[in-house]
Amino acid sequence: MLIHCTRKLAVKLPDVSAAPLADARPLGSWHANLVHYDRRQCVLFCHDGSRYCLFLPGLVKADLARLGRLHRDLFLASLLALNVPQASLKRVILVLGPVRFDRHTDRSVLGSLRTANLDLSWLIDDVHVLDCNPLAVAQKLNERPTSVRGHWLHPAQQMLERVRAV
């Protein structure tokens with residue numbers, strides 16, 4: 001699994017490649033950005049192809065050191081919440097592989113991350129960030145249709161199609 005990091009996030013992580021890395025895995029790669037809510041560090045992830053979003057709130061330095069594992073766990077839990085069968089989840093685990101980070105970003109995905117961050121700010125406006133349920137936030141963010149280069153898509157449906165194809 002490849003995660004493309006923004007500059008803000010890359011300085012907080014160990015082993016981030018400055019050179020672009022290639023990922024030919026069926027589920028594709030992700031983008032991640034460090035955001036702050038209620039003076040807490042949070043990471044917002046966006047899948048490159050489907051624009052499926054995940055949110056990890058209230059991270060500390062030790063959490064950032066194991067960001068890949070936290071992302072994988074949240075991703076699998078969100079798929080489980082979408083009623084993906086256990087057999088498919090096991091195939092997804094095998095396909096994900098080891099987590100690698102680089103600083104090569106795509107402006108289109110960064111725009112989707114910015115839009116997701118705006119929607120997220122409205123979702124958690126009246127709740128402290130540490131009281132947020134990351135699965136509930138992921139479900140809300142992925143219910144909304146989004147536009148990618150002029151085409152409308154539904155992130156949850158797109159991700160389910162990719163998982164079924166694995």
Side-chain angles (χ1 to χ4, degrees), residues 1-13 16-17 20-37 40-59 63-64 66-82 84 92 95-125 129 132-163 165-166:
M1 178 173 41
L2 178 61
I3 299 177
H4 304 288
C5 303
T6 60
R7 203 174 304 148
K8 284 192 304 186
L9 181 58
V11 298
K12 303 268 185 181
L13 298 176
V16 177
S17 172
L21 300 174
D23 191 29
R25 298 187 186 274
L27 287 178
S29 58
W30 295 76
H31 273 65
N33 186 27
L34 182 70
V35 294
H36 289 86
Y37 284 101
R40 305 288 180 158
Q41 295 182 114
C42 308
V43 176
L44 185 60
F45 297 93
C46 183
H47 186 261
D48 292 0
S50 66
R51 299 310 198 257
Y52 190 81
C53 293
L54 298 172
F55 176 66
L56 282 172
L59 301 177
D63 294 331
L64 290 171
R66 57 189 182 99
L67 185 64
R69 177 172 291 262
L70 292 173
H71 172 266
R72 179 190 309 262
D73 293 346
L74 179 59
F75 177 53
L76 294 173
S78 72
L79 291 179
L80 194 59
L82 290 173
V84 172
V92 167
V95 167
L96 289 177
V99 178
R100 299 175 303 154
F101 298 98
D102 75 0
R103 289 193 43 208
H104 180 72
T105 56
D106 180 329
R107 288 179 53 184
S108 175
V109 183
L110 291 178
S112 296
L113 261 174
R114 186 183 64 80
T115 302
N117 191 25
L118 287 172
D119 292 344
L120 177 64
S121 67
W122 284 98
L123 275 175
I124 64 172
D125 183 45
V129 72
C132 288
N133 179 351
L135 287 176
V137 170
Q139 284 183 327
K140 285 289 189 185
L141 285 176
N142 295 314
E143 284 176 355
R144 63 186 173 77
T146 186
S147 175
V148 179
R149 295 183 174 106
H151 296 80
W152 288 95
L153 54 91
H154 294 271
Q157 292 173 358
Q158 290 288 318
M159 184 54 73
L160 286 174
E161 287 174 14
R162 288 174 181 266
V163 167
V166 169

- Query: Is there a donor in the side chain of T146 and an acceptor in the side chain of R51, or the other way round, less than 3.5 Å apart?
  - Reply: no
- Task: For the residue pair H71 and F45, categorise the inter-ring angle as parallel (less than 30°), tilted (30 to 60°) or perpendicular (more than 60°).
- Result: tilted
- About how many Å separate SG of C132 and OH of Y37, when rounded to the nearest 0.5 Å? 9.5 Å
- Query: Taking the side chain from H4 and the backbone from T105, do they hold a donor-acceptor pair closer than 3.5 Å?
  - Reply: no
- Query: So how far is it from D102 CG to L21 CG, rounded to the nearest 0.5 Å?
  - Reply: 4.5 Å
- Query: For the residue pair F55 and L74, what are the closest heavy atoms and their distance?
  - Reply: O-CD2, 3.4 Å
- Query: Is the closest basic N to carboxylate O distance between D106 and R149 below 4.0 Å?
  - Reply: yes
- Query: If every non-hydrogen atom of L141 is compared with every non-hydrogen atom of L120, which pair is closest and at what distance?
  - Reply: CD2-N, 4.1 Å
- Query: Is the shortest heavy-atom distance from the side chain of L59 to the side chain of L34 under 4.5 Å?
  - Reply: no
- Kindly give the heavy-atom pair with the smallest separation between L82 and Y52, and that separation in Å. CD1-OH, 3.5 Å
- Task: Look at atom NE2 of H151 and say whether more than 12 heavy atoms of other residues, nucleotides or ligands are closer to it than 6.0 Å.
- Result: no
- Rounded to the nearest 0.5 Å, how far apart are CG of L118 and CG of L113? 11.0 Å
- Item | N/O donor-acceptor pair under 3.5 Å between R69 side chain and D63 backbone | no
- Item | Within-4.5 Å side-chain heavy-atom neighbours: L9 and L67 | yes
- Flag, side chain of H47 to backbone of L27, donor-acceptor distance under 3.5 Å: yes
- Sidechain-backbone polar pair: H154 side chain, A156 backbone, donor-acceptor under 3.5 Å: no
- Between R162 and G49, what is the shortest heavy-atom contact and its length? NH2-CA, 3.3 Å
- Measure across V129 and C42 and return the closest heavy-atom pair with its distance rounded to 0.1 Å. CG2-SG, 3.6 Å
- Message: Please check this pair: side chain of R100 against backbone of A22, looking for a donor-acceptor N/O pair closer than 3.5 Å.
- Response: yes
- Note on the structure: Closest non-hydrogen contact found for Q158 with S50 is CB-CB, 3.4 Å
- Query: Can you find a heavy atom in the side chain of L76 that is under 4.5 Å from one in the side chain of R72?
  - Reply: yes
- Message: Between M159 and F75, is the side chain to side chain contact (heavy atoms under 4.5 Å, CB included) condition met? List the steps.
- Response: CA-CA 11 Å; M159 184 54 73; F75 177 53; 3.8 Å; yes
- Evaluate side chain to side chain contact (heavy atoms under 4.5 Å, CB included) for V43 paired with L64, printing each intermediate quantity in order. CA-CA 9 Å; V43 176; L64 290 171; 4.1 Å; yes
- Taking side chain to side chain donor-acceptor pair (under 3.5 Å) as the test, write out the residues that go with H31, two or more places apart. D48
- So does R144 have more than 12 non-hydrogen atoms from other groups sitting under 6.0 Å from CZ? yes
- Query: Which value, rounded to the nearest 0.5 Å, describes the distance between Q41 atom CD and K8 atom NZ?
  - Reply: 10.5 Å
- Would you sort out whether L153 and Q157 count as a side chain to side chain contact (heavy atoms under 4.5 Å, CB included), showing the intermediate values? CA-CA 8 Å; L153 54 91; Q157 292 173 358; over 6 Å; no
- Query: Roughly how far apart are D73 CG and L54 CG, rounded to 0.5 Å?
  - Reply: 11.5 Å
- Query: Roughly how far apart are K12 NZ and C5 SG, rounded to 0.5 Å?
  - Reply: 13.0 Å
